[in-house]
There are 2 protein chains.
Amino acid sequence: MKAEPPQSTGNTAAQTRVIEAAVALFGEHGIGGTSLQMIADSIGVTKAAVYHQYKAKDAIILAVAEAVMAGLEEGVTAAEGERSRARARDVLIAHMIDLAVERREWAGVLQRDPIMLRCLQEHARFRDVMKRVNRTLIGGAPDPRTRVLAATLAATIAGAVIHPLVADLDDATLRAELWRHIRKMLPSR
Amino acid sequence: MKAEPPQSTGNTAAQTRVIEAAVALFGEHGIGGTSLQMIADSIGVTKAAVYHQYKAKDAIILAVAEAVMAGLEEGVTAAEGERSRARARDVLIAHMIDLAVERREWAGVLQRDPIMLRCLQEHARFRDVMKRVNRTLIGGAPDPRTRVLAATLAATIAGAVIHPLVADLDDATLRAELWRHIRKMLPSR
DNA sequence: GTCTATAAATCGATAGAC
DNA sequence: GTCTATCGATTTATAGAC
């Protein structure tokens, strides 16, 4: 267990610089509107240096997806360890809120950009995580009402944190208020 | 008052074909990831024919924004005519839900794509509509709690309708269930 | 790990015929 | 309203020196 700089992914410092710059640009111009030239300029290197870290643009997109999905998988794994389905759902929601609030721009890119959504659907590993998330959010019977609730919860968490109206709020306030509003939608309380 | 084919915008048939194809492709690949070549191929014409309808890609984006924002402005105008702020908010939410449910892919593109978001912020006309929407949603004092609620409402409506979990639901069911969950978040009920 | 240089493809956009 | 043909800029991606 060495001290790993930022996240605990097996990335070099140069790779971390690339994906951090990529996420910022993806959020600002969209993935399709972000060129490798823009990423290279943002870091202060040339395109060729970026290609040395990731052999294609798709690999960068994949690395971004990997970084955020790791946090989500961690949350759903913790949730699945709970005793009741209601507790599991609450634990997952808490994890999702923490994740979304702490990395607001990241959450935006991941759940919003069509190219990222396609990336998440194309890789079985990501699809599996999303399936577990949805199953935990739904809890029991997948009737229309519960499915709309699950979709509403996911959309709320991912979408509210990047709304201009809350851009100036600090993490603690946003997290607390988000919890307050979401809790009112949950049954049996 | 002549009988206008689809929407009541002053568009020719060829222009309508272009923006309908554009919206579909924008939703699938993102705006930045959609080329005029793709739009032209989708309609079955050449790029030059598309350029004859809209002199630039920005003009197409603008036309898409115009089409959806027209519906939103209609809703907020109707809401502002209500007597109480609470009623105004409810009327606006109802309009937003109708709009989002009926044109699900449209809602996705409009509120999700970074390029579209920038387009909405750059044009004073759109910024003004969004300001009226936010003011109506907030109702009174813009304290953090109310602002998070407004952000949550907007994010929920726009995001839930395009979630995969509800893709197979018909409009009436989705609308009703969405109302049910959102109503629980509203105060004084 | 970063650079220069360049290939091959595609992009947005325009000109002019029909 | 649509076409062919093309320009110039930009894109992804590669080769090879340091």
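A note on names: the letters A, B, ... follow the listed sequences, proteins ahead of strands, and every chain is numbered from 1.
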Tell me whether the side-chain N/O atoms of A:S35 come closer than 4.0 Å to OP1 or OP2 in D:dT11. yes
Which of C:dA13, C:dC3, D:dC3 is nearest the side chain of A:A48? It is C:dC3
Per atom distances to the B:V45 side chain, the nearest of D:dG1, C:dT2, D:dC3 is D:dC3
| said: Does a side-chain N or O of B:Q37 approach OP1 or OP2 of C:dA9 to a distance below 4.0 Å, or not? | reply: no
Item to complete: State whether a side-chain donor-acceptor pair under 3.5 Å links B:T77 with B:R132.
Response: yes
Taking C:dG1, D:dA13, C:dT14 as options, the one with an atom nearest any side-chain atom of A:Y51 is D:dA13
Side-chain atoms of A:K47 come closest, of D:dT11, C:dG12, D:dC3, to D:dT11
OP1 or OP2 of C:dG1 versus the side-chain N and O atoms of A:Q15: is any pair under 4.0 Å? no
Regarding the side chain of B:L36, the nearest nucleotide among C:dA13, D:dA15, C:dG1 is C:dA13
| query | Is any side-chain N of the basic residue among B:R127 and B:E122 closer than 4.0 Å to the acidic one's carboxylate O? | reply | no
Regarding the side chain of B:A14, the nearest nucleotide among C:dG12, D:dT2, C:dG1 is D:dT2
Looking only at D:dT14, C:dT2, D:dG1, the nucleotide nearest the B:H52 side chain is D:dG1
message: Considering every strand and a 4.0 Å limit on heavy-atom distances, what is the contact class for A:T46: base, sugar-phosphate, or nothing?
response: base
Open item on the list: Under 3.5 Å, is there a donor on one side chain and an acceptor on the other for B:T156 and A:T156?
Closed with: yes
